[in-house]
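Quick note: numbers below take in every heavy atom, side chains included, and nothing from hydrogens, waters or symmetry partners.
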Amino acid sequence: QVQLVESGGGLVQAGGSLRLSCAASGGTFSRWIMGWFRQAPGKEREFVAAITWSGSRTDYADSVKGRFTISRDNAKNMVYLQMNSLKPEDTALYYCAATKVDAPVQLASFYNYWGQGTQVTVSS
């Protein structure tokens, strides 16, 4: 069974950095799309970033462009989200997600597998 496990969240002050990791197991991930989503208290889950597992295409939400970087390490079945210049509005539970469906990467409903999430809290 496919499993996604996030790690790297924590409490950080505004302007700081964190690197989130997603460990994928239980599947053959060639041609898969990996994404990061987040859900803040009182808000719906929103798209953050996505990357093709075996390609170079990346997509970012406008709110994180220039600050966040998504990357992958196929040999280790790992996906990362480097978050710099963090803002209080980045506070959320961050989820790693995966899909084999060739669909708009920003739509959470098209992702088949999800991790349990890792909490990121940014203080002022």
Closest non-hydrogen atom pair, Ala92 against Ala40: CB-N, 3.8 Å

Set of residues satisfying side chain to side chain donor-acceptor pair (under 3.5 Å) with respect to Thr121, sequence neighbours excluded: Gln119

Arg45 to Tyr95 six-membered ring, cation-pi geometry met (6.0 Å, 45°): yes

Cluster check Val120, Trp114: I/L/V/M/F/W/Y, side chain < 4.5 angstrom: no

Over 12 foreign heavy atoms within 6.0 Å of CD, Glu46: yes

Transitive ILVMFWY side-chain link Trp32 to Val48, under 4.5 Å: yes

CG-OG distance between Leu86 and Ser123, expressed to the nearest 0.5 angstrom: 10.0 Å

Ring centroid separation Tyr60 to Phe47 under 6.0 Å: no

Heavy-atom donor-acceptor pair, Glu6 side chain to Gln116 backbone, under 3.5 Å: yes

Between CG on residue Asp90 and OG on residue Ser63, distance to nearest 0.5 Å: 7.0 Å

Linked, directly or transitively: Met34 and Val64 (ILVMFWY side chains, under 4.5 Å): yes

Between Arg38 and Tyr94, a side-chain donor and acceptor under 3.5 Å: yes

Interatomic spacing from CH2 in Trp36 to CZ in Phe68 - rounded to 0.5 Å: 11.0 Å

Rounded distance (nearest 0.5 Å) linking atom CD of Gln3 with atom OG of Ser25: 4.5 Å

Thr99 (side chain) donor-acceptor with Phe110 (main chain) under 3.5 angstrom: yes

Candidate pair Met78 and Ser21, rule side chain to side chain contact (heavy atoms under 4.5 Å, CB included), full reasoning: CA-CA 7 Å; Met78 297 289 291; Ser21 299; 3.7 Å; yes

Atom pair CD/OG of Gln82 and Ser71 - distance to nearest 0.5 Å: 8.0 Å

Nearest-0.5 Å distance, CD1 of residue Ile70 to CE of residue Met83: 12.0 Å

Check: Arg72 side chain, Ile51 main-chain N or O, donor-acceptor pair, under 3.5 Å: no

Any donor-acceptor N/O pair, Thr118 side chain to Ser7 backbone, under 3.5 Å: no

For the student: nearest non-hydrogen atoms of Val2 and Gly26, plus distance: CG2-O, 3.8 Å

Same apolar cluster (I L V M F W Y, side chains within < 4.5 Å links), Ile33/Val79: no

Contact summary for Ala24 and Leu4, nearest pair of heavy atoms: CB-CD2, 3.6 Å

More than 12 heavy atoms of other groups within 6.0 Å of Glu44 CD: no

Salt-bridge present (Lys65, Asp62; N to O < 4.0 Å): yes

